[in-house]
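Have a look at the structure below before the remarks.
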Amino acid sequence: MSNHHQKLKKVLKPYRNLVVVGGNWGDEGKGKIIDLVMAHYDVTVRFSGGANAGHTVYATNGKKLVSHLIPCGLAQNKECVMGRGELVDLKLFLEEIEQAKKVLGKRLPPIHLDQMSPLWTPWHGLLEAWLEYVKGKGKVGTTGKGIGPLEGLYKLRMAPVVGQIFLDKNKLVEVLKPLYDALLPIFKELSKVGKGLDPSLRRVPTPLVVADLLREYAKQIKPFTTDTSFVLFKAAADHRRMLFEGAQALGLDSRFGTYPFVSSGNSAAFGAAEGTGLPMQNFGATLMVVKTLPTRVGAGPFPSEMWTRDKAMSFAKDHLGLFVTPPTPSLEKRGKDRRVEFLAEKLRLINSGQAKGADYSQYFQVLGDERGATTGRGRSVGFIDIPWLAYAIRINGPKWLALTRFDMLSSVKTIPVVVGYKLNGKLLSPGQLPPPWDMEKVKPVFENWTGWNENIFGVNRGANLPQPAKLFLSRLEKHLKTQILLVGTGPGREDIVVRADK
Ligand code: GDP
Ligand code: IMO
Ligand code: MG
């Protein structure tokens, strides 16, 4: 057992059930952290979100695996449970099974899908297109996976659920018909609007067509489908160690995120009970994953943001050649040199004190290949934001933090850190967050913290971190009053520092 795992084993042993959640606005690297920690657990469990999530892990053979629906413990060949709180798109689920077979090249571990999970239909995508259209400038900038409509219609008792695809065709049509009838007036409006919408969205399938579409998957889905709350009850009774895999993050939690610019599920740690049916006392400890430089895609408040959202999001689209994985080999060759020059120039500006917000943003976007794992959209980057984290810690109550992408700060001499929020000239108390209508008015208060010259990419022993980096971490811990247990220094499984013995 590697040194990391010896340390982790000791730390995690008392916590038979561990909840892992994101602390910013998603894409913190939950996948990578879960992949590491899963070595000490038997079962991975998803409890919320759906196809909007994109968690990246690297299989043992080095191949990349992006999971949207199936928990990422799959890469470790661990039993996977998709709890009732997860929203399911059956086509995507089956595609992921195929992808996993290709990447992992072996028989897959048991995977359980809940018979009562809300079930995606093409209508949910159409409704989402309509809602975003109606909101106009105030649109959420969703991932387009029908998440809001599916969760919302479930709460309205109008969503089909997975197990209903095994009903007789007529029965299934009966289930689908009221939903179709309720949405039909909207679909008619949608087809009139047309403009700006994908033409495919104007063809509305009838309940019969949707029933056929869903029933096509029935045979393949059957072996996976069950009452997962009972599976989990038995696993708990057998003292199996379970890891609950959060999707999205606190900033996108429908209740405690930056509403209305949120997703529609429970992304906070408390969602683990609601989305699985396991009683509260099962949840012993939470590990909150935090991105050193937080990112956001879609709309909504982001107080520590370096540049403006639209510009940052389109920067990635317009400069693909600078990013790590350009779409064509010809771009790749040209892109490599341009990328190196680009990064060197931006870093020079940053270290000479001449950089503007746009320079910081572009530097970190390119360096970190900040593009969404689900949609490929550019992610806008922010500075380390202590007041936000204090709030996220207040709601999630983590025992520890995992700070990912610490390598991004390599060679940056002076690092701006947000240490407070001011609203109308008044400093807010740590952990206090204004209501959404005041969030955009929040002014971040910065401090400059000392950086380091060395490149720490891939460092995997605390002792090998430069002294200023160690001081940086202790200073951050002091502000947050929470231990930083894990520090990510690269995307790979071994690019991590375990700070268990400090
Ligand atoms: P998730 O949705 O929270 O699982 O995160 P994503 O997988 O969407 O995005 C995180 C990205 O950061 C992925 O490309 C990871 O491979 C990468 N990543 C994770 N941890 C680190 C780290 O410590 N350093 C670097 N450079 N990349 C990381
Ligand atoms: P993971 O699990 C980043 C964002 C969308 C949008 C808002 C609502 O990979 O961290 P939705 O489609 O959920 O209705 O969109 O939430 N969003 C995410 N951003 N990572 C995610 O998941 C996200 N899931 C949703 O961009 O702003
Ligand atoms: Mg992601």
Side-chain angles (χ1 to χ4, degrees), residues 20-36 46 48-58 64-69 71-72 86-87 124-125 128 131-132 139-152 245-254 257-265 267 288-302 309 313 323-325 364 367-380 402-410 455-460 486-497:
V20 182
V21 287
N24 306 107
W25 286 274
D27 304 328
E28 292 84 0
K30 296 178 287 295
K32 180 220 160 109
I33 296 298
I34 291 164
D35 178 62
L36 174 82
R46 270 282 294 271
S48 69
N52 50 350
H55 300 171
T56 315
V57 293
Y58 290 88
K64 185 166 155 175
L65 196 68
V66 178
S67 72
H68 302 281
L69 293 175
C72 45
E86 191 171 359
L87 312 177
H124 295 98
E128 178 159 47
L131 294 175
E132 287 285 84
K139 73 176 182 182
V140 180
T142 68
T143 56
K145 305 290 177 189
I147 299 298
L150 187 46
E151 188 91 49
E245 170 176 339
Q248 289 75 55
L250 188 72
L252 297 170
D253 179 80
S254 70
T258 47
Y259 184 86
F261 299 102
V262 290
S263 190
S264 303
S267 323
M288 185 168 93
V289 187
V290 166
K291 205 166 180 175
T292 300
L293 299 172
T295 54
R296 198 164 183 167
V297 280
F302 187 5
R309 186 78 42 88
M313 284 178 69
F323 286 74
V324 170
T325 44
F364 290 115
L367 183 67
D369 191 14
E370 292 293 6
R371 287 172 299 143
T374 297
T375 57
R377 292 182 293 178
R379 299 172 180 146
S380 185
L403 185 74
T404 56
R405 291 180 165 252
F406 195 49
D407 50 297
M408 298 285 286
L409 297 181
S410 293
N455 184 357
I456 60 166
F457 185 87
V459 168
N460 57 14
L486 301 169
V487 179
T489 56
R493 202 172 262 170
E494 296 302 319
D495 303 334
I496 195 95
V497 172

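Keep in mind that this is a model prediction, so the values were computed, not measured. Every number for a ligand or one of its atoms is a count from 1 in the order of the listing. Just so it is clear, the values below take in all heavy atoms, side chains as well, and ignore hydrogens, waters and symmetry mates.
Residue-ligand proximity, A247 to ligand 2, at heavy-atom distances under 4.0 Å covers atoms 2 (O). Against a heavy-atom cut-off of under 4.0 Å, K30 is close to the following atoms of ligand 2: 1 (P), 2 (O), 10 (O). Interface of G298 with ligand 2, defined as ligand atoms under 4.0 Å from a residue heavy atom, comprises 27 (O). Listed by number with element, the atoms of ligand 2 under 4.0 Å from a non-hydrogen atom of W25 are 3 (C), 19 (N). Every atom of ligand 1 is numbered from 1 in the order shown, and the set under 4.0 Å from a heavy atom of G488 is 23 (O). Counting atoms of ligand 2 from 1 in the listed order, those under 4.0 Å from a heavy atom of A53 are 1 (P), 2 (O), 9 (O), 22 (O). Interface of H55 with ligand 1, defined as ligand atoms under 4.0 Å from a residue heavy atom, comprises 1 (P), 2 (O), 4 (O), 7 (O). Residue V140 approaches ligand 2 through these ligand atoms, each under 4.0 Å from one of its heavy atoms: 8 (C), 27 (O).
Among all heavy-atom pairs drawn from E28 and A249, the shortest one is OE2-CB, 3.0 Å. Closest heavy-atom contact between C72 and G31: SG-CA, 3.7 Å. When all heavy atoms are compared, the tightest approach of S254 to V262 is CA-CG2, 3.9 Å. The two residues I496 and T489 make their nearest non-hydrogen contact at N-OG1, 3.7 Å. Across all non-hydrogen atoms, the minimal contact from R296 to W25 is NH1-NE1, 3.0 Å. Nearest approach of F457 to S410, heavy atoms of both residues: N-OG, 4.1 Å.
Of all protein heavy atoms, the one closest to atom 12 (O) of ligand 2 is T143 OG1, 2.5 Å. Taking atom 4 (O) of ligand 1 as the reference point, the nearest protein heavy-atom neighbour is G31 N, 2.9 Å. At the shortest separation from atom 26 (N) of ligand 1 among protein heavy atoms lies D407 OD2, 2.8 Å. In terms of protein heavy-atom proximity, atom 7 (O) of ligand 1 is closest to T56 OG1, 2.5 Å. Remark: minimum distance from atom 6 (P) of ligand 1 to any protein heavy atom is reached at G54 O, 3.5 Å. In this structure, the protein non-hydrogen atom closest to atom 9 (O) of ligand 1 is R379 NH2, 3.5 Å. Nearest protein neighbour of atom 8 (C) of ligand 2, counting heavy atoms only, is V262 O, 3.4 Å. Counting only heavy atoms of the protein, atom 3 (C) of ligand 2 lies nearest to D27 OD2, 3.3 Å. Of the protein's non-hydrogen atoms, G54 N, 2.9 Å is the one closest to atom 9 (O) of ligand 2. In terms of protein heavy-atom proximity, atom 16 (O) of ligand 1 is closest to P491 CB, 3.4 Å. Taking atom 6 (C) of ligand 2 as the reference point, the nearest protein heavy-atom neighbour is G141 O, 3.3 Å.
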From CA spacing to verdict: side chain to side chain donor-acceptor pair (under 3.5 Å), S67, R46: CA-CA 11 Å; S67 72; R46 270 282 294 271; 5.6 Å; no
Go through it in stages, so that I can follow the logic: the residues are K64 and T56, the test is side chain to side chain contact (heavy atoms under 4.5 Å, CB included), and I'd like the CA-CA distance, side-chain angles, deciding distance and then a yes or no. CA-CA 7 Å; K64 185 166 155 175; T56 315; 3.7 Å; yes
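Under the 4.0 angstrom criterion for non-hydrogen atoms, Q248 is in contact with ligand 2. In this structure, E245 has no heavy atom closer than 4.0 Å to ligand 1. Judged by the shortest distance from any of its heavy atoms, D495 lies outside the 4.0 Å radius around the atoms of ligand 1. Not a single heavy atom of G22 sits closer than 4.0 Å to an atom of ligand 1.
Here's the thing with R377: one of its N/O atoms is less than 3.5 angstrom from an N/O atom of ligand 2. Inclusion of G26 in the set of residues having an N or O under 3.5 Å from an N or O of ligand 2 is not warranted. For the pair S263 and ligand 2, the shortest N or O to N or O distance falls below 3.5 Å. Considering backbone and side-chain atoms together, G29 places an N or O closer than 3.5 Å to an N or O of ligand 1. Among the atoms of F406, none of the N or O lies under 3.5 angstrom from an N or O of ligand 1. Considering both main-chain and side-chain atoms, D27 comes within under 3.5 Å of ligand 1 through a nitrogen or oxygen pair. Residue T404 places no N or O, backbone or side chain, under 3.5 Å from any N or O of ligand 1. Checked against a 3.5 angstrom limit, the closest N/O atoms of R405 and ligand 1 fall inside it. Considering backbone and side-chain N/O of G490, one or more are found under 3.5 Å from N/O of ligand 1. For ligand 2, the polar-atom distance check finds no N/O of E28 at less than 3.5 Å from any of the ligand's N/O atoms. Taking any N or O of T142, backbone or side chain, none lies under 3.5 Å from an N or O belonging to ligand 2. Considering backbone and side-chain atoms alike, V297 places an N or O below 3.5 Å from some N or O of ligand 2.
Atoms CD1 and OG1, from I33 and T404 in turn, are 6.5 Å apart once rounded to the nearest 0.5 Å. From I34, atom CD1 reaches atom CD of E245 across 4.0 Å, with rounding to the nearest 0.5 Å. Distance NZ/K32 to NE2/H55: 15.0 Å, rounded to 0.5 Å. Here L367 contributes atom CG and L293 contributes atom CG; the two are 9.5 Å apart, rounded to the nearest 0.5 Å. In this structure, CG on L409 lies 6.0 Å from CZ on F364, to the nearest 0.5 angstrom. Remark: N455 CG to D407 CG distance equals 7.5 Å, nearest 0.5 Å.
Side-chain N or O atoms of R493 include none that pairs as donor or acceptor with a backbone N or O of L36 at under 3.5 Å. Judged by distance alone, the side chain of D35 and the main-chain N or O of V57 form no donor-acceptor pair under 3.5 Å.
A side chain to side chain contact (heavy atoms under 4.5 Å, CB included) with M313 is found for one member of R371, E370, R377 and no other, namely R377. When each of T295, D27, D369 is tested with R379 by the rule side chain to side chain donor-acceptor pair (under 3.5 Å), just one qualifies, namely D27.
Counting heavy atoms under 4.0 Å from ligand 1, residue K32 touches it through the side chain alone. Proximity of H55 to ligand 2, defined as any heavy-atom pair under 4.0 Å, is confined to the side chain (atoms from C-beta onward). Residue-level proximity to ligand 2 for L252 is carried by the side chain, the only part with a heavy atom below 4.0 angstrom. With a 4.0 Å cut-off on non-hydrogen atoms, H68 does not touch ligand 1 at all.
Between T142 and N52 the shortest side-chain heavy-atom distance does not fall below 4.5 Å.
To the nearest 10 degrees, the angle centred on the Mg ion (ligand 3) between OD1 in D27 and O in G54 reads 160°.
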